[in-house]
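Because the structure is predicted, anything quoted here is derived from the model rather than measured.
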Amino acid sequence: MLIQVVMSAYSHSQACVSLQQLCTRNMATDWLGSIVSINCGESLGVYQGRVSAVDQVSQTISLTRPFHNGVKCLVPEVTFRAGDITELKILEIPGPGDSRQCGDLQQADTGIPGVGCQVGPSQNGTGKMFKKPYSSSAPQNIPRRTDMKNQDIIISPQQQCSKSYMDRHMETLNQSKGFRRRHNSWSSSSRHPNQVTPKKSGLKNGQMKSKDDECFGDDIDEIPDTDFDFEGNLALFDKAAVFEEIETYERRSGTRSRGTPNEKPARYRHDENILESEPIVYRRIVVPQNANKEFCTDSGLVVPSVSYELHKKLLSVAEKHGLTLERRLEMTGVCASQMALSLLGGPNRLNPKNVHQRPTVALLCGPHVKGAQGISCGRHLSNHDVHVILFLPNFVKMLESITNELNLFSKTQGQQVSSVKDLPDTPVDLVINCLDCHENAFLRDQPWYKAVVDWANQNRAPVLSIDPPISEMEQGIDAKWSLALGLPLPLGERAGRVYLCDIGIPQKVFQEVGINYHSPFGCKFVIPLHST
C-alpha cells in the first residue's frame with residue numbers, strides 16, 4: 001500500500017514519496033529525528049512528533065514525545081502501521097552538516113527550537129526545505145493553542161530562515177515568566193490544526209514587534225495592590241495659590257490671560273457681534289422738544305414719544321412729498337393685519353389642517369380716518385381666511401377714504417353690520433378698536449358709540465387698538481395691545497403694551513420737521529416697545 005508523503009516546510013514546493021521509499025531510500029536512519037504529522041482519519045485523529053524508528057519489514061513508524069490533536073500524549077512513544085495512516089506530512093527534515101551551523105546559531109540566539117534555514121533546492125529540483133532538528137534532550141511542554149502566538153526572528157538576507165509547525169507550538173515556552181503579552185480574542189485556537197499561516201519576517205517587522213512589547217507589555221510584579229488616591233493627590237495642588245500668582249504676574253506685566261476664576265465671560269446672543277467695534281449709540285432718534293415719555297426696543301434703542309401736533313405735522317409733510325393718505329392707509333392696514341395674524345396664533349392656527357377653527361375678528365370702526373385704517377386692516381385679514389365682522393354706523397355722508405375702503409372690503413368674504421344687535425353674542429378671538437380719534441370727541445356721546453363700547457367690554461376677547469388717542473379719557477375700551485404709527489404718542493396705561501409700525505416715512509421727512517431719525521425697525525415692520 002502506497003502512502004503519499006507531502007514534504008512541507010513553510011514553502012509551496014512539494015515532493016511525494018511512498019512509505020516504502022521512506023524506508024529504503026538513503027536508508028531509514030536518515031529520516032530519524034524528523035518532525036512529522038500523521039493523519040489517521042477521523043477516528044484516530046492527527047499525531048505529531050519526532051520519528052524515533054522506521055521498520056522496513058513491518059512497515060511501521062514510531063514517534064517519540066507525541067502530541068495527539070495538539071495535546072501531549074501520556075505515553076512517551078507511539079507506533080503506527082501503514083494501514084492506519086491516511087496522510088503523512090514531514091514538517092522538519094534533519095539537514096546536512098553545512099546547515100547545522102545556521103540552526104545552532106539561531107537556536108542559541110533565540111532559545112526557540114526547531115528554527116532552520118533554507119539551503120537552496122535539492123538535486124532533483126523539488127525545492128525542499130531542510131531544517132536543523134531540535135537536538136536538546138530536555139523535556140518540553142507545549143502550551144495550549146489559545147496561548148500560541150508567532151514570533152519573528154531577525155536574520156540576515158543570506159540566512160533567510162523560517163519556523164516549522166512544531167516550533168510555533170513551542171515558541172512561547174522560553175518567554176520571560178515576568179513578561180505578559182496582550183492578545184486579541186482571536187487566536188490560533190480558532191484555526192484548523194494543520195493550517196499554516198506564514199507571517200512576514202524581517203528587520204522592520206522585528207523592530208515594530210519589540211516596540212509593541214515595550215508599549216503594551218507590562219510586568220505583573222509591578223502592578224500595585226492599592227488603587228491610586230486621586231483625592232489625596234488633588235489636595236496637594238493649591239489651585240487658589242496658583243491663580244493668585246497668575247493674577248499678580250498679570251497686574252505687574254499688564255497682560256491678561258483667559259480662563260481666570262474671577263473672570264466672567266460675556267454672554268452673546270446668536271445674532272450679536274462678538275468682535276470689538278465702535279461704541280454702540282442707543283439714542284439714535286432725537287426730537288426737537290423734550291419727550292414726555294420714552295420707550296426702548298428689544299435691542300436697547302431709545303424711541304422717544306412725540307406730541308400729537310408734531311405727529312400730525314410729520315404726516316402732513318410726508319403727504320406733501322407723495323406719501324398720500326391712500327398709501328398710508330394701505331401700509332397701516334398691512335402692518336396691523338400682520339400683527340393681528342400673529343396674535344391669532346400665526347401658522348399654528350392658520351393652516352389647512354385647522355379649517356374647522358377659522359378665527360373670528362370683530363372690527364369696530366368710526367366714521368373717520370382711523371376707521372378707514374381699520375377697514376383696510378379688515379380687508380387684509382379677510383384675504384387671509386379670517387372671518388371678519390365689520391361694524392360701521394350708518395351716516396348720510398362718508399369720507400372719501402372710507403367709501404373707497406368699503407368698496408374694496410365688499411369684494412371679500414367679510415361681513416359688514418351697522419347695528420350692535422348684529423354683533424356675535426359669543427366671545428370672538430380678537431377685537432380691533434378703531435372707534436376713537438384725536439378730534440371728533442363728540443362721537444363718544446352718540447348712542448351707537450356707547451352701545452358698541454358696552455358690547456366690547458362685556459365680550460371676553462382681547463382688544464387691539466390701532467393709533468389710539470393720547471388722553472385716557474377718550475378711550476372707552478381698555479386695550480391689551482396698541483399699535484402706533486411712525487413714532488409713538490405718550491400713551492397711558494390703558495393702552496396696554498405698545499407696538500410701533502413703519503408706515504414708510506423717509507428719513508429726510510423726519511429731518512424736515514426737526515427730528516434726527518434713524519430707523520429702529522431693523523429687519524421688521526412691527527416691533528414691540530417697552531416703557532423706560
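- E245 CD: 12 or fewer foreign heavy atoms inside a 6.0 Å radius.
- Side-chain N or O atoms of N407 include none that pairs as donor or acceptor with a backbone N or O of T403 at under 3.5 Å.
- You'll find the side chain of P367 stays beyond 4.5 Å of the side chain of L399, heavy atoms only.
- The CD atom of Q415 sits 14.0 Å away from atom OG of S410, with the distance rounded to the nearest 0.5 Å.
- Between D298 and P528, the closest side-chain pair of non-hydrogen atoms falls below 4.5 Å.
- The side-chain heavy atoms of L390 and C365, taken from C-beta on, include a pair separated by under 4.5 Å.
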* Take V281 and H518 through the side chain to side chain contact (heavy atoms under 4.5 Å, CB included) test and state the conclusion after the steps. => CA-CA 11 Å; V281 179; H518 187 86; over 6 Å; no
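- Inter-residue side-chain proximity for L315 and I503 is flagged as met; some heavy-atom pair is nearer than 4.5 Å.
- Listed by chain and number, the residues in a side chain to side chain donor-acceptor pair (under 3.5 Å) with S307 are Q289 (sequence neighbours excluded).
- Here F230 pairs with F228 under the ring pair (Phe, Tyr, Trp, His ring centres under 6.0 Å) rule; sequence neighbours left out.
- Atoms CG and OG1, from L344 and T360 in turn, are 9.5 Å apart once rounded to the nearest 0.5 Å.
- Two residues are said to be in side-chain contact when any heavy atoms from C-beta on lie closer than 4.5 Å; S519 and Q507 fail this criterion.
- Although no hydrogens or angles enter the test, the distance criterion places no donor-acceptor pair under 3.5 Å between the side chain of R283 and the main chain of P304.
- The pair K313-E512 does not meet the salt-bridge criterion, since no charged nitrogen lies less than 4.0 angstrom from a carboxylate oxygen.
- Considering all non-hydrogen atoms of both residues, D502 and M331 come closest at O-CE, 3.3 Å.
- Using a 4.5 Å heavy-atom cutoff, the side chains of E326 and E400 are not in contact.
- The closest donor-acceptor contact from the side chain of N351 to the backbone of N348 lies under 3.5 Å.
- For Y282, the OH atom is loosely surrounded, since the number of other residues' heavy atoms within 6.0 Å does not exceed 12.
- In this view, M339 and L343, L464, W481, L483, Y499, V526 satisfy the side-chain contact (heavy atoms from CB on, under 4.5 Å) rule, not counting sequence neighbours.
- For the pair L423/V428, no side-chain contact is recorded, criterion being any heavy-atom separation below 4.5 Å from C-beta on.
- M398 and I402 get closest at one heavy-atom pair: SD-CG2, 4.3 Å.
- Judged purely by atom type and a 3.5 angstrom limit, N69 uses its side chain to pair as donor or acceptor with the backbone of V46.
- Of the inter-residue distances, the one linking I466 atom CD1 with Q373 atom CD reads 7.0 Å to the nearest 0.5 angstrom.
- Formation of a donor-acceptor pair under 3.5 Å by the T248 side chain with backbone atoms of E244 is found in this model.
- Looking at S342, its side chain does come within 3.5 Å of a backbone N or O of Q338 through a donor-acceptor pair.
- Every residue two or more places apart in sequence or in another chain was checked for a ring pair (Phe, Tyr, Trp, His ring centres under 6.0 Å) with F409, and none qualifies.
- Y308 meets the ring pair (Phe, Tyr, Trp, His ring centres under 6.0 Å) test with H438; sequence neighbours excluded.
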* To do: Start with the C-alpha gap between L487 and Y517, add the side-chain angles, then the distance that decides, and say whether side chain to side chain contact (heavy atoms under 4.5 Å, CB included) holds.
  => CA-CA 10 Å; L487 285 177; Y517 179 83; 4.2 Å; yes
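- Judged by distance alone, the side chain of T532 and the main-chain N or O of E294 form a donor-acceptor pair under 3.5 Å.
- Between A461 and V431, the closest heavy-atom pair is CB-CG2, 3.9 Å.
- Considering all non-hydrogen atoms of both residues, S482 and A479 come closest at OG-CB, 4.1 Å.
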* Given side chain to side chain contact (heavy atoms under 4.5 Å, CB included), test I527 with V303 step by step and report yes or no. => CA-CA 11 Å; I527 58 174; V303 179; 5.6 Å; no
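- Between C501 and L485 the shortest heavy-atom distance is SG-CD2, 3.3 Å.
- Within 6.0 Å of CG on D229 lie more than 12 heavy atoms contributed by other residues, nucleotides or ligands.
- Taken from CD1 in I505 to CZ in F510, the straight-line distance is 4.5 Å, to the nearest 0.5 Å.
- Within the 3.5 Å criterion, the main-chain N or O of N394 finds no donor-acceptor partner in the side chain of S418.
- Among residue pairs with one or both ends in residues 367-394, none qualify as ring pair (Phe, Tyr, Trp, His ring centres under 6.0 Å); sequence neighbours excluded.
- I515 and P288 make their closest contact through CG1-CD, 3.9 Å (heavy atoms, listed as atom of the first residue, atom of the second, distance).
- Between the side chain of W455 and the backbone N or O of K421, no donor-acceptor pair lies under 3.5 Å.
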* side chain to side chain contact (heavy atoms under 4.5 Å, CB included) evaluation trace for C437 with V369 -> CA-CA 8 Å; C437 67; V369 176; over 6 Å; no
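- Inter-residue side-chain proximity for L443 and L435 is flagged as unmet; no heavy-atom pair is nearer than 4.5 Å.
- Under a 4.0 Å N-O distance rule, the pair D385/R358 qualifies as a salt bridge.
- Between the side chain of S376 and the backbone N or O of L329 there is at least one donor-acceptor pair closer than 3.5 Å.
- Put simply, CG on N516 and CD1 on I285 are 9.0 Å apart, with the number rounded to the nearest 0.5 Å.
- Separation of atoms CZ (R460) and CG (N457) is listed at 13.5 Å; rounding is to 0.5 Å.
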